[in-house]
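Every chain is numbered from 1 and lettered A, B, ... according to where its sequence line falls, protein lines coming before strand lines. Values below: all heavy atoms of this structure, side chains included; hydrogens, waters and symmetry mates excluded.
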2 protein chains.
Amino acid sequence: MTLNRKRNIINSSKRTGIKEIAGLADVSIGTVDRVIHNRGQVSKKTMKKILDVMDKTNYRPNFVARVLASKEKPRLVCLIPFHTPENMYWEAPLEGIIKAEKEIADYGVTVNYFLFNQYLADSFEKKARDVLSDNPDGVLLAPIFSKQASDFVKKLDNLKIPYVFIDSKLKEANNLSFFGQNSFRSGMLAAKLMEFSCRSKGTIVIVNIGTEYENIHHARERENGFKTYFLNNTPGISLHVLNISSENINNRDSLVEIPDTDISGIFATSSAHIIANYLNHKGKNQITLIGYDLTNDNITFLEKGIIDFLICQKPREQAFRGIYALFHHIVFKKQIRRNNLMPLDIITRENLNDYLEFELNKEGYYE
Amino acid sequence: MTLNRKRNIINSSKRTGIKEIAGLADVSIGTVDRVIHNRGQVSKKTMKKILDVMDKTNYRPNFVARVLASKEKPRLVCLIPFHTPENMYWEAPLEGIIKAEKEIADYGVTVNYFLFNQYLADSFEKKARDVLSDNPDGVLLAPIFSKQASDFVKKLDNLKIPYVFIDSKLKEANNLSFFGQNSFRSGMLAAKLMEFSCRSKGTIVIVNIGTEYENIHHARERENGFKTYFLNNTPGISLHVLNISSENINNRDSLVEIPDTDISGIFATSSAHIIANYLNHKGKNQITLIGYDLTNDNITFLEKGIIDFLICQKPREQAFRGIYALFHHIVFKKQIRRNNLMPLDIITRENLNDYLEFELNKEGYYE
DNA sequence: TGAATTATCGTGTACGTACACGGAAATAAT
DNA sequence: ATTATTTCCGTGTACGTACACGATAATTCA
């Protein structure tokens, strides 16, 4: 490629560099460097002089040169659950992290992985200790176990290590940023879809499955949002709540049976595929089923038409952007938005394919 | 920040640079540079030797250093419509471009703007000529006027200037990439929402407003998708199509009147706010209204509950990522996906705020 | 065989910044 | 006033690459 250079000559937008301000301030670049990095060893007077010149020339450091010259190789770590055949949800965030890692490798950034068992607080604690002894420059974590996570981030605070939450967040933490979703409002959205679909006929059932673990917070908020919507819009509707512990999941026959009622819709705050499997088995596929997350199981039933809507919280993007936030903060000193609620994407059979294709192929630089 | 360097010593992942392979191949870095850039002036033998070493060491150029050393300042241009108070749609792409421009300024990339009148093919032609005489290194364009755009990109092909389409694309063009949406499938999605909402009661009206201009392609595809869905799923439903030329828009009283029918839903393939205004005026707010795009007018009626669903094609992101594609291609020589269909986002009153906040604050590096 | 070409290659400088080192100036201690 | 400190500041090298220039070796021509 031969670039047109004529214009650049005209274009006086050549950014002023550390060298130029050194000249204007009549000092050496070393001195300028010292004030830029607050290394001290500079008299008040020359400091002011340089600061003035930087102000006038509107100096902004060249990050490309900075990265090249810097010997610092920022090391990030992530502290998230590992996925299992039974619960594949956490595969997506992992993919997002790996993708981000590849993209920022050119900048000398590396990522280490600390994966814990999402059902065992002890596992989290142990891995958290490992993270600390690894002494990273930034941490991405899913603070699933509030108490243990709270203790952990306090230590990070003391060490002045920035950290970013994904999936959920802790109150009163000094996290650099958070990427997640508004579960309450997602419940409201589900309710709206449900209302449109059911038109006040029959009973609507809210099902919480196996939420004794990490997902309980999301499930509760979703349920609350769902209820709130109907309370405000269709107070007379018949809402039932069904809590199914994970031990009873296999008892398929009585999974969603409410005597003397005609069920028109089911809202699964998690694990919709289990409900779908049940409905499919019973041949009850006229019931509207709304669930969460684009797991493979769910996708299968969405394609079959058993699940009607899935609300996606973009776990891949959450993690990806979490890593990027740390990267931008550490390498480019960029300011980072503290709260980043992912949009509540609604997936149906019709837009599923476009959605999947798109999600899997995004690159790093859409912010 | 003080980075932990212990690990880096252990970590032997230090990337091999041009210097190192020069040493291994027993040549100078200048020679290595010549084979990397195919500048010739290298004998077959040493060329092979260097290539072998690059292969063994798995050499990958350091793009950060490359950008710094290169004198090339890629200049991109965009060729899109300007927005007007009457049609604000194209404001969003412009914002996306500006945002991208800021983010890649550090890499020496600049963007020039060529905005044409979306209703006048002549305007496009003129601006296209201006683009050519500006001799850019990459072009982002909305090929609204197929014929003129087709002529234009042929010239770009001859000049070997890469170009990216947004919004719509031309068949048989050698575009680097395309960012847009699948209008047909978006129509299907709208139909599904409509079906859920109306449950086969009443008549459903498809309204095309003022689509004699650039939007005609999208509108047709949307309509086709909408019809196809109902044809496949609910053949018996009563569908009406209403084409309203933009001159008649002001005749508000008879905007959507179909004698002897009970309208339960309206699908506006464009300018939903006009329909919404009419319905609002007539007090017919029980009719389900589905439209496109998060323009301010539409948002107002979405908040009021007149419009029930808006399908968003993410125009800001389209443009943003279009610029980024050019950037990555030109500066980083990255491979670019040719087709990028944006997900069909469904916006309701419930997720509107989250959505707006998110869209306006994304940064560059989510891919 | 010697000079004139040409093909092939190495060297030097630059990009904008980081940072170690050492030197000079200013101050303090003797 | 001389030495010892401290404060302040400039120089040099490096990061990995691009590219102009010049040098050497190989080839051709006379």
Side-chain angles (χ1 to χ4, degrees), chain A residues 1-3 5 8 13-50 54 57 59-74 105-109 330-333, chain B residues 1-3 5 8 13-50 54 57 59-74 105-109 330-333:
Chain A
M1 175 191 55
T2 308
L3 295 180
R5 236 158 280 172
N8 296 325
S13 72
K14 203 182 52 171
R15 292 243 305 257
T16 62
I18 188 175
K19 198 174 195 170
E20 192 167 349
I21 45 178
L24 292 175
D26 203 35
V27 293
S28 76
I29 60 175
T31 310
V32 176
D33 181 74
R34 251 159 267 153
V35 335
I36 286 175
H37 294 286
N38 274 320
R39 292 195 224 279
Q41 309 289 83
V42 178
S43 73
K44 297 258 180 201
K45 211 172 55 184
T46 57
M47 173 125 164
K48 185 185 180 323
K49 197 165 56 177
I50 292 171
M54 292 205 314
T57 59
Y59 170 76
R60 284 180 35 211
N62 183 324
F63 286 108
V64 174
R66 176 169 288 182
V67 167
L68 183 63
S70 177
K71 315 226 78 56
E72 295 186 347
K73 305 281 182 207
D106 263 337
Y107 297 88
V109 181
I330 294 173
V331 175
F332 293 154
K333 317 289 180 204
Chain B
M1 176 190 56
T2 308
L3 296 180
R5 236 157 280 173
N8 296 325
S13 73
K14 202 182 56 171
R15 293 243 306 258
T16 62
I18 188 175
K19 198 173 193 168
E20 192 169 348
I21 47 175
L24 292 175
D26 203 35
V27 293
S28 76
I29 59 175
T31 310
V32 176
D33 181 74
R34 250 160 267 152
V35 335
I36 286 175
H37 294 287
N38 274 320
R39 293 195 222 279
Q41 310 288 84
V42 177
S43 73
K44 298 257 182 204
K45 210 172 55 183
T46 58
M47 174 125 162
K48 184 184 180 324
K49 196 166 57 178
I50 292 172
M54 293 205 311
T57 59
Y59 170 75
R60 285 181 33 211
N62 182 323
F63 286 109
V64 175
R66 176 169 288 182
V67 168
L68 184 64
S70 176
K71 316 227 79 55
E72 295 185 347
K73 306 282 180 207
D106 263 336
Y107 297 88
V109 182
I330 294 173
V331 176
F332 293 154
K333 317 288 180 206

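- Note on A:Thr31: a side-chain N or O is less than 4.0 Å away from OP1 or OP2 of D:dG10.
- Each of D:dC19, C:dA18, D:dG10 was ranked by its minimum atom distance to the side chain of A:Arg39; first place goes to C:dA18.
- Comparing D:dC9, C:dG10, D:dG16 by their closest approach to the side chain of A:Val42 singles out D:dC9.
- Side-chain contact between B:Val64 and A:Tyr107 is present, with at least one heavy-atom pair separated by less than 4.5 Å.
- In this structure, B:Tyr59 OH and B:Glu20 CD are separated by 11.0 Å, a value rounded to the nearest 0.5 Å.
- Per the geometry, CD belonging to B:Glu72 stands 16 Å off P belonging to D:dT17, to the nearest Å.
- Rounded to 10°, the angle separating the first-five-pair axis and the last-five-pair axis of the helix from C:dT1-D:dA30 to C:dT27-D:dA4 equals 60°.
- Separating the CG atom in B:Asp106 from the CZ atom in A:Arg60 is a distance of 6.0 Å, to the nearest 0.5 Å.
- With hydrogens and angles ignored, the 3.5 Å screen pairs no side-chain donor or acceptor of A:Ser70 with any backbone N or O of A:Val67.
- Between A:His37 and the phosphate of C:dA18, there is a side-chain N or O to OP1/OP2 separation shorter than 4.0 Å.
- Within 4.0 Å (heavy atoms only), B:Val64 reaches no atom of the nucleic acid at all.
- For the pair A:Thr46 and D:dC9, the criterion of a side-chain N or O lying under 4.0 Å from OP1 or OP2 is met.
- Here C:dA18 presents its P atom at 11 Å from CD1 of A:Ile21, a figure rounded to the nearest Å.
- Distance A:Tyr107 OH to C:dT17 P: 16 Å, rounded to the nearest Å.
- Among the atoms of the strands shown, base atoms are found under 4.0 Å from some heavy atom of B:Gly30.
- Interatomic distance, A:Lys49 NZ to A:Ser43 OG, rounded to the nearest 0.5 Å: 8.0 Å.
- The side chain of A:Ser43 lies closest to D:dC9, out of C:dT17, D:dC9, C:dC9.
- B:Ala22 and B:Ser28 make their closest contact through CB-C, 3.8 Å (heavy atoms, listed as atom of the first residue, atom of the second, distance).
- In this model, the phosphate group of D:dC15 is not approached by any side-chain N or O of A:Ser70 to a distance below 4.0 Å at OP1 or OP2.
- Regarding B:Ile29, its CD1 atom lies at a distance of 11 Å from the P atom of D:dG16, rounded to whole Å.
- Among the heavy atoms of the strands lying under 4.0 Å from A:Tyr59 are primed sugar atoms or P, OP1, OP2 only; no base atom is included.
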Below 3.5 Å is the cut-off: list the nitrogen or oxygen pairs between protein and nucleotides 21-25 of chain C, distance only.
none

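- Distance from the side chain of B:Ala69 is smallest for C:dC15 among the nucleotides C:dC15, D:dC8, D:dC15.
- The side-chain contact (heavy atoms from CB on, under 4.5 Å) test with B:Met54 singles out one residue from B:Ile36, B:Thr16, B:Leu24, and that residue is B:Ile36.
- Residue contacts shown for B:Asp33 include a base, since a base heavy atom lies under 4.0 Å away.
- Computed from coordinates, the B:Asn62 CG to D:dG16 P distance equals 7 Å when rounded to whole Å.
- Within the structure, the salt bridge (Lys or Arg N to Asp or Glu O under 4.0 Å) test picks out the following pairs touching residues 21-34 of chain A (sequence neighbours left out): A:Asp33-A:Arg39.
- Following rounding to the nearest Å, B:Lys49 (NZ) and C:dT8 (C1') show an atom-to-atom distance of 12 Å.
- In this structure, A:Arg66 reaches the C:dA18 phosphate: one of its side-chain N or O atoms is under 4.0 Å from OP1 or OP2.
- At a threshold of 4.0 angstrom between heavy atoms, the contacts of A:Val67 with the nucleic acid are absent.
- If you measure from atom CZ of A:Phe63 to atom C1' of C:dA18, you get 14 Å, rounded to the nearest angstrom.
- Minimum atom distance to the side chain of A:Lys19 is reached by C:dC15, of the listed C:dC15, C:dG10, D:dG16.
- The CD1-P distance, from A:Ile18 to C:dC19, rounds to 11 Å in whole Å.
- For the residue pair B:Ile29 and B:Lys19, the shortest heavy atom distance occurs at CG2-CA, 3.6 Å.
- Contact annotation: the side chain of A:Arg66 never approaches that of B:Leu68 to less than 4.5 Å [non-hydrogen atoms, C-beta and beyond].
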